[in-house]
Amino acid sequence: MSNFYQTLESSFTDNLVGDALRLADGLVWSYQDLYLRVEQYAQVLVTHGLQPGNRLVVQVEKSAENLALYLACLKVGGVYVPLNTAYTQSEVDYFINDARPSIFVGQSERSDVATFTMDEFGHGTLFDKIAECVAGESCVTVSRQPDDMAAILYTSGTTGRSKGAMLSHANLASNANSLSDCWGWQKDDVLLHALPIFHVHGLFIASHCALLNATPMIFLPKFDAAQVMGFLPKATVLMGVPTFYTRLLQQPELTPENVANIRVFICGSAPLTEQTFTAWADATGHWILERYGMSETIINTSNPLVGERVAGTVGFALPGQEYRVADVDGVPVSTGDIGTIEVRGPNVFQGYWQMPEKTAEEIRDDGFFITGDLGTQDAKGRLSIVGRAKDLVISGGYNVYPKEIEGFIDKIPGVSESAVIGVPHADFGEAVVAVIVPTGDEVDVETIQSHLADTLARFKQPKIAVNVDALPRNTMGKVQKNVLRELYEGLFSRN
Ligand code: AMP
């Protein structure tokens, strides 16, 4: 039996009286409550036709019910496909068409296409179905093979359209076990969980550590610096993106006394600056533990729990995993040289959903996955990320792929062509900036935003538009985005 839920369920049943979820309004779900709710949603999913291997697409706000729904999907052998709540109707339509789910759980605005609805409290037509469940009846946990799919996480592609990374039960299990060991999870740990659960970070990395050990999570609907500040004295672990830390640094109550209970602060999903790392240590006495991961592989490397955590580095490969910094042929470059980061291990995904060519391009015959990130390795084996090969912009922890946005901007009347880049921003890490070549009069950012409002999530829309006569290009005709990034790197610090 390789169903990852089976492993989680054994932990739950060992600690049914323990707290699973402590919610912002003071309500608490015990592991017994969570376990029973998973049973109920499992019954509902099976009754409404979710067969093993079928996809369950979910685009809802974070709630305890949402987490139970994810676990129920694993239990019945379904494939969980979470979608960012910021995606617009047309983006969601693309995912539904691609994933072809048996069941789509959406917000009430999508009741036209959703099989069931779920609101921010977890209420809606799915919740109503629980009343029809047979009390005391338990649903079988479906047997799975290690490589059977447990989830598809959509990650935007450089072609502008998203690729679905297929993660297996073995991928989830191996990474959850590794992280729990590496980060020394304790029976009295309390995780402060303020991340979204439509993304690898909140859904797998954070939740799995707590669930695997049946320890409590303070489960907040979203990140609100003041609210998180208030809960810090009650937590032992915080996992966040760099924006969490920069925003918390602005809170006057951030003192060593307020975080006296914290065992470890963990950070990832985007680069943590040396400045934030140092400012955090000055304010709290804690060195943030930075780690490196992605939708396709969950976590690859981590700074050590015990031992030196070095600013600007993402540490060492997790036990049982490997990485190499390589040239285009996959041959390791010399220590200290920049190359593409490739990773191998039981965490590496099964390929891209219905994109065998893309999978073959990115997973080598020897099992190494070409991450597309550029890095260097030092003599001790520490990895540092120096950039992204794929021009990915990460704004507030979310990936933004320029090509997708450029495609829409170029269609706006008055735009001849455009280049979208990420520019350093104190709050978001990077902010989206559009460099526009107008056909006539200048095109302002409000015009661009109004054209994109119905097609692109807000976090993908440019915050500033710069008008230029021509885009810089190399001899091959490729736009030199590095030149643009250098030119505009101070755009937000000048404001
Ligand atoms: P996602 O699939 O949304 O998790 O995005 C994965 C990408 O985030 C990686 O390929 C990296 O480019 C970036 N990333 C994740 N963790 C870090 C980190 N600690 N430092 C720099 N970039 C990171």
| task | Would you mind reporting whether Leu74 and Leu172 have side-chain heavy atoms less than 4.5 Å apart? | result |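 They are in contact (side-chain heavy atoms under 4.5 Å apart), so the answer is yes.
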
| Given side chains that start at C-beta, do those of Leu56 and Val79 come closer than 4.5 Å, heavy atoms only? | no

Is there a donor-acceptor contact under 3.5 Å linking the side chains of [X] and [Y]?
X: Thr115; Y: His48; result: no
X: Glu61; Y: Asn66; result: no
X: Gln40; Y: Arg37; result: yes
X: Ser2; Y: His169; result: no

| Going through the checks in order, is the side chain to side chain donor-acceptor pair (under 3.5 Å) test met by Asn300 and Arg291? | CA-CA 8 Å; Asn300 302 316; Arg291 92 301 176 281; over 6 Å; no

Quick one: closest heavy-atom pair of [X] and [Y], and the distance?
X: Val333; Y: Ala326; value: CG1-C, 3.9 Å
X: Ala206; Y: Met239; value: CA-SD, 3.5 Å
X: Gln350; Y: Thr359; value: O-CG2, 4.4 Å
X: Phe4; Y: Ala176; value: CZ-CB, 3.8 Å

| Tyr245 (side chain) donor-acceptor with Ile266 (main chain) under 3.5 angstrom | yes

| So, does Thr276 use its side chain to make a donor-acceptor pair with the main chain of Leu272 at under 3.5 Å? |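 No: the side chain of Thr276 does not pair with the backbone of Leu272.
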
Pair [X] + [Y], salt bridge at N-O below 4.0 Å:
X: Glu406; Y: Lys481; value: yes
X: Lys75; Y: Glu39; value: yes
X: Glu91; Y: Lys460; value: yes
X: Asp93; Y: Arg110; value: yes

| said: Heavy-atom count check: over 12 atoms from other residues, nucleotides or ligands less than 6.0 Å from Gln227 CD? | reply: yes

So, taking the atom named [atom1] in [X] and the one named [atom2] in [Y], what distance separates them when rounded to the nearest 0.5 Å?
X: Leu192; Y: Met217; atom1: CG; atom2: CE; answer: 11.5 Å
X: Arg263; Y: Leu238; atom1: CZ; atom2: CG; answer: 12.5 Å
X: Thr313; Y: Asp378; atom1: OG1; atom2: CG; answer: 7.5 Å

| Are Phe12 and Tyr35 close enough that their ring centres sit under 6.0 Å apart? | no

| said: Angle between ring planes, Phe204 versus Tyr70, binned at 30° and 60°: parallel, tilted or perpendicular? | reply: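 Ring orientation of Phe204 relative to Tyr70: tilted.
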
| Plane angle bin for Tyr87 and Phe459 - parallel if under 30°, tilted between 30 and 60°, otherwise perpendicular |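 Tilted.
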
| query | Checking salt bridge (Lys or Arg N to Asp or Glu O under 4.0 Å) for the pair Glu290/Arg309: CA distance, chi angles, key distance, verdict? | reply | CA-CA 8 Å; Glu290 188 177 4; Arg309 299 175 197 159; over 6 Å; no

| request: Would you sort out whether Asp19 and Tyr31 count as a side chain to side chain donor-acceptor pair (under 3.5 Å), showing the intermediate values? | output: CA-CA 6 Å; Asp19 288 358; Tyr31 270 98; over 6 Å; no

| message | Testing Trp280, Trp287, Phe277 one by one against Phe265 for a ring-ring contact (aromatic ring centres under 6.0 Å, His included), which residue passes? | response |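 Result for ring-ring contact (aromatic ring centres under 6.0 Å, His included) with Phe265: Trp280.
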
| task | Take Tyr154 and Asn84, measure what side chain to side chain donor-acceptor pair (under 3.5 Å) needs, and give me the verdict at the end. | result | CA-CA 9 Å; Tyr154 276 99; Asn84 190 328; over 6 Å; no

| When Tyr352 is tested against each of Lys358, Glu362, Glu357 for side chain to side chain donor-acceptor pair (under 3.5 Å), which residue passes? | Glu362

| message | As a quick check of understanding, evaluate side chain to side chain donor-acceptor pair (under 3.5 Å) for Thr376 and Asp337, giving each step before the final call. | response | CA-CA 6 Å; Thr376 60; Asp337 284 356; over 6 Å; no

| message | Taking the cut-offs as 6.0 angstrom to the six-membered ring centre and 45 degrees off its axis, would you call Lys129 and Phe116 a cation-pi pair? | response |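 The answer is no, since Lys129 fails at least one limit relative to Phe116.
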
| Intermediate values then yes/no, salt bridge (Lys or Arg N to Asp or Glu O under 4.0 Å), Arg324 and Asp366 | CA-CA 12 Å; Arg324 67 185 176 203; Asp366 62 3; 3.1 Å; yes

| Please walk me through it: do Val325 and Ile338 pass side chain to side chain contact (heavy atoms under 4.5 Å, CB included)? | CA-CA 7 Å; Val325 177; Ile338 294 175; over 6 Å; no

| message | side chain to side chain contact (heavy atoms under 4.5 Å, CB included) for Ile205 and Ile299? Distances and angles first, verdict last. | response | CA-CA 8 Å; Ile205 299 161; Ile299 289 283; 3.7 Å; yes

